[in-house]
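Naming convention: chains lettered A, B, ... in sequence-line order (proteins, then strands); numbering from 1 in each chain.
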Amino acid sequence: MKVYNTLTRSKEDLVPLTPGEIRMYSCGVTVYDISHVGHARMMVVFDVISRYLRFAGYRVTFVRNFTDIDDKIIRRANQEGVDAGEISERYIAAFRDDIAALGVQAPEVEPKATRHVAEMIALIERLVAGGYAYVVDGDVYFEIRRFPPYGRLSGKNLEELLVGARVEVDERKRDPRDFALWKSAKPGEPSWPSPWGPGRPGWHIECSAMAMKHLGTPIDIHGGGDDLIFPHHECEIAQSEAATGKPFARYWLHNGMINMGAEKMSKSLGNTLWIREILKRHDADAVRLWILGTHYRNPLEFAEERLAEAGRALERLWGPVLEAKKYAETAGADALPRDLAAYREDFVAAMDDDFNTPQALGVLFEMARALNRRDGRSAQDFVRGTRELATMLAALGFREPTPARADMPRELSEQVRSLIRERAAARASRDWSRADQLRAELARLEVTVKDTPQGTDWEWKGLRATEGS
RNA sequence: GGCGGCGUACCCAAGUGGUUAAGGGAGCGGACUGCAAAUCCGCGAUGCGGCGGUUCGAAUCCGCCCGCCGCCUCCA
């Protein structure tokens with residue numbers, strides 16, 4: 001399996017530290033507001049990466065943090081006159097709801113920064129003791145010059161960083177590029193006791209502390225949005241490696257941003273679209289298909305029409321799997337016919353190449369078409385093939401659609417069944433105008449009918465049902 | 001200004017040296033159907049931003065140019 005490593009700017013063979021085991025960490029969200037579609041992409045991307053690694057046979061331990069203490073959380077808490085903890089807990093709950101709705105699996109560990117202050121303090125103490133950090137008036141800064149590899153991950157040249165620096169000059173810092181490990185408490189801010197006085201951790205230190213605590217050193221994979229490469233991940237490397245003298249993470253994976261029109265979606269630009277808003281208009285798996293339709297490292301432009309297209313394409317992928325439900329045949333343990341077995345090989349080859357989901361999906365679309373075509377295949381082989389297809393769809397995190405009647409309001413379901421029965425009677429007596437009239441009525445209820453020799457199937461909002469004859 | 005990346009059919013999007021340039025959506029034609037829907041078959045870029053170059057051979061490598069984006073500040 002090959003992955004693109006930001007650290008080396010090349011695709012490398014993925015060789016875990018411990019054979020058969022992957023320890024991965026990805027930066028989560030700062031919980032001061034509802035999560036947007038950009039967060040959804042990152043969550044879906046790393047969800048698929050962790051799922052696929054498991055599919056490929058690795059034992060995966062996945063850790064994704066919550067940044068639950070930060071300037072913006074404090075500001076919001078002050079605006080609302082509540083505690084910072086109340087804000088962060090509120091948005092953690094909202095985040096979990098949104099992410100679960102998207103079908104993203106919970107990682108093994110979801111650590112919160114505020115529960116790891118002791119670990120962060122210990123790490124900072126090591127840095128101070130090692131001469132990598134210095135204390136000024138209760139603040140602690142990491143001294144960039146003491147860690148020569150600083151800038152390697154992001155490809156920054158230290159001199160140019162200084163020249164083009166947009167950082168505000170703080171006379172107390174030895175170098176404007178030094179970054180805060182610990183910030184002394186200001187009035188009205190939550191704080192923790194420390195050897196340097198009451199204060200709170202800087203942003204970067206939490207991920208170092210939590211990743212090392214829950215996964216050890218070095219970890220195999222560290223991920224996040226590509227906007228975190230600098231300064232966040234650069235600083236994580238500096239702190240962690242200066243403190244331990246060991247490599248921090250072996251492979252750095254970064255997903256591309258979502259753009260609104262030509263611009264990046266971001267909270268500071270105010271062009272965000274909430275996950276919960278988009279889920280009101282589109283099926284969660286349509287959102288997933290839309291995201292996976294572009295390689296994770298490329299930028300992805302948001303457009304309502306792309307989501308609608310993904311919804312239609314999704315039905316195509318599940319079509320044969322749902323069709324197979326009509327067969328009583330058990331799949332048995334026989335091997336798949338050679339021509340159907342080949343699709344998994346292609347799927348695996350695509351995913352093994354830096355998680356090339358667009359290509360992998362192309363394979364699944366081709367497999368769906370081959371199954372629909374039948375080609376004189378036995379019902380058993382057809383059913384076996386659809387199970388294989390379903391397995392690969394599940395490896396990408398797609399959930400098999402449930403029968404429509406389970407999800408629709410009882411009254412509506414009754415009404416639809418009665419209209420369909422009435423239409424069947426009209427068709428039986430060859431009263432085509434009455435039958436078409438009933439179909440139009442069903443269409444107004446967003447129900448599409450499909451007549452088959454065995455009876456009438458129907459769909460409601462992309463969900464399917466069979467009504468027998 | 002520095003670093004990184006992108007430009008492939010009507011739209012989206014894989015492919016980065018060698019068969020007929022995947023796949024999806026939309027469209028058009030056909031099969032099936034009472035008519036539809038779904039499904040299947042067929043059509044659709046002689047060309048991959050432009051111009052040069054390297055090569056037996058380039059969308060893929062090199063140079064220049066045009067257009068666009070990201071990071072360099074909090075950000076997924």
Side-chain angles (χ1 to χ4, degrees), chain A residues 6 9 26-30 32 35-46 64 67 70-72 151 154-157 159-168 177 203 223-232 234 254-259 261-269 272 289-290 292-295 297-301 303 305-306 308-317 319-320 322-323 346 350 353 356-366 368-375 427 430-433 435-436 439-440 443 448-453 456-459 464:
Chain A
T6 305
R9 300 189 189 288
S26 87
C27 292
V29 291
T30 301
Y32 70 99
S35 296
H36 59 67
V37 177
H39 300 121
R41 183 183 194 190
M42 189 257 186
M43 295 304 149
V44 168
V45 162
F46 286 97
R64 187 184 59 216
T67 298
D70 137 282
D71 290 351
K72 292 186 283 286
S154 53
K156 304 284 181 212
N157 169 314
E159 306 315 311
E160 281 157 0
L161 262 183
L162 194 54
V163 172
R166 288 193 272 171
V167 291
E168 42 187 297
R177 299 164 299 187
W203 175 33
D226 66 18
D227 56 348
L228 297 185
I229 294 171
F230 189 90
H232 187 52
E234 195 73 70
H254 292 99
N255 64 278
M257 298 291 102
I258 284 186
N259 295 154
E263 274 184 328
K264 169 182 164 184
M265 177 183 293
S266 88
K267 290 178 187 173
S268 49
L269 290 174
T272 59
L289 183 59
W290 167 63
L292 299 183
T294 295
H295 186 86
R297 287 194 278 116
N298 294 340
L300 172 57
E301 185 171 333
E305 178 55 20
R306 293 291 89 70
E309 282 178 8
R312 280 171 289 209
L314 189 63
E315 291 191 47
R316 190 171 177 68
L317 286 171
L322 299 180
E323 183 66 18
D346 292 346
D353 183 16
N356 192 334
T357 53
Q359 193 160 69
L361 285 166
V363 173
L364 300 189
F365 279 112
E366 284 177 342
R369 176 147 36 87
L371 287 165
N372 284 332
R373 196 189 298 131
R374 298 305 174 88
D375 289 336
R427 293 183 71 225
R430 307 180 67 79
D431 183 354
W432 307 128
S433 67
D436 290 348
R439 178 164 54 200
T448 311
V449 300
K450 303 176 182 183
D451 299 323
T452 76
T456 297
D457 291 353
W458 51 276
E459 278 185 23
R464 303 184 184 206

Find the runs of at least 3 consecutive base pairs, i with j, i+1 with j-1 and so on, that include RNA chain B, using Watson-Crick or G-U wobble geometry with both distances under 3.5 Å.
B:1-7 with B:66-72, B:10-12 with B:23-25, B:27-31 with B:39-43, B:49-53 with B:61-65
Nearest of G24(B), G34(B), C11(B) to any side-chain atom of R306(A)?
C11(B)
Nearest to the side chain of E309(A) - A13(B), G15(B), G25(B)?
G25(B)
Side chain of R369(A) - closest among G34(B), C69(B), G23(B):
G23(B)
N372(A) side chain N/O closer than 4.0 Å to the phosphate oxygens (OP1, OP2) of A38(B)?
no
Distance, P atom - from A59(B) to G53(B), rounded to whole angstrom
15 Å
Could you tell me how far apart D436(A) (CG) and C35(B) (P) are, to the nearest whole angstrom?
11 Å
Using only side-chain N and O atoms of R312(A), determine if any of them is under 4.0 Å from OP1 or OP2 of G24(B).
no
Can you figure out which of G4(B), G34(B), C72(B) approaches the side chain of K156(A) most closely?
C72(B)
C72(B) versus U46(B) - spacing of their C1' atoms, nearest Å:
44 Å
Listed nucleotide nearest any side-chain atom of F230(A), set C71(B), A38(B), G25(B)
C71(B)
Tell me what L289(A) touches on the nucleic acid: a base, only sugar-phosphate, or nothing, going by heavy atoms under 4.0 Å.
nothing
Within the structure shown, what part of the strands sits under 4.0 Å from T294(A) by heavy-atom distance: base, sugar-phosphate, or nothing?
sugar-phosphate
Report the nucleotide, chosen from G15(B), A37(B), A76(B), that has the shortest atom-to-atom distance to any side-chain atom of Q359(A).
G15(B)
How would you label the contact of G28(A) with the nucleic acid (heavy atoms, under 4.0 Å): base, sugar-phosphate, or nothing?
sugar-phosphate
At less than 3.5 Å, do the side-chain atoms of D226(A) and the base atoms of G4(B) form a donor-acceptor pair?
no
Could you measure between the two P atoms, the one in G52(B) and the one in U19(B), and give it in whole Å?
24 Å
Give one of base, sugar-phosphate or nothing for H254(A), where a contact means two heavy atoms less than 4.0 Å apart.
nothing
Determine whether a donor-acceptor pair (one donor, one acceptor, N or O, separation below 3.5 Å) exists between the side chain of R41(A) and the base of A76(B).
no
What contact category does P358(A) fall into here, base, sugar-phosphate, or nothing, at under 4.0 angstrom with non-hydrogen atoms?
base
In terms of side-chain heavy atoms of D451(A), which of C35(B), A14(B), A76(B) is nearest?
C35(B)
Side-chain N or O of K267(A) less than 4.0 angstrom from OP1 or OP2 on A76(B)?
yes
Please determine whether a side-chain nitrogen or oxygen atom of K264(A) lies at a distance below 4.0 Å from atom OP1 or OP2 of C71(B).
yes
Between R427(A) and C35(B), does any side-chain N or O lie under 4.0 Å from OP1 or OP2?
no
So I229(A), base contact, sugar-phosphate only, or nothing? Heavy-atom distance under 4.0 Å.
nothing
Check nucleotides 58-61 of chain B for protein N or O atoms closer than 3.5 Å to its own N or O atoms and list the pairs.
none

Touch class at under 4.0 angstrom, heavy-atom based, for M43(A) against every strand present:
nothing
Please work out if N298(A) contacts a base, only the sugar-phosphate, or nothing of the nucleic acid, heavy-atom cut-off 4.0 Å.
sugar-phosphate
Gap in Å between the two P atoms, one belonging to C3(B) and one to U55(B), rounded:
30 Å
How close do L228(A) and C27(A) get, heavy atom to heavy atom, and via which atoms?
CD1-CB, 3.7 Å
Comparing L361(A) and H39(A) on RNA chain B - which has the more 5′ nearest nucleotide
L361(A)
Using 4.0 Å as the upper bound for N to carboxylate O, is an ion pair formed by R312(A) and E305(A)?
yes
When you measure from the side chain of R373(A), which nucleotide among G25(B), G15(B), C41(B) comes out closest?
C41(B)
Return the nearest nucleotide to the side chain of I258(A); candidates are A36(B), A76(B), C72(B).
A76(B)
Quote, to the nearest angstrom, the C1' distance that separates G24(B) from A14(B).
11 Å
Flag the pair T294(A) / R306(A) as yes when at least one side-chain heavy-atom distance between them is below 4.5 Å, and no otherwise.
no
Check whether any side-chain heavy atom of T456(A) sits under 4.5 Å from a side-chain heavy atom of R427(A), and report yes or no.
yes
Ring-on-base stacking between F365(A) and G23(B), under 5.5 Å between centres and under 30° between planes: is it there?
no
For the P atoms, the ones on C64(B) and on G4(B), what distance do you get once it is rounded to whole angstrom?
14 Å
Pairwise C1' distance for C65(B) and A26(B), with rounding to whole Å:
35 Å
Closest non-hydrogen atom pair, F46(A) against S26(A):
CG-CB, 4.3 Å
Hey, does K156(A) have a side-chain heavy atom less than 4.5 Å from the side chain of F230(A)?
yes
Whether E234(A) side chain and G151(A) backbone form a donor-acceptor pair below 3.5 Å
yes
Test your reading of the model: is there a side-chain donor-acceptor pair from D353(A) to the backbone of N356(A), 3.5 Å cut-off?
no
Suppose you measure atom P in C62(B) against the same atom in G18(B); what distance do you get, rounded to whole Å?
15 Å
Using a 4.0 Å heavy-atom cut-off across all strands, classify G38(A) as base, sugar-phosphate, or nothing.
base
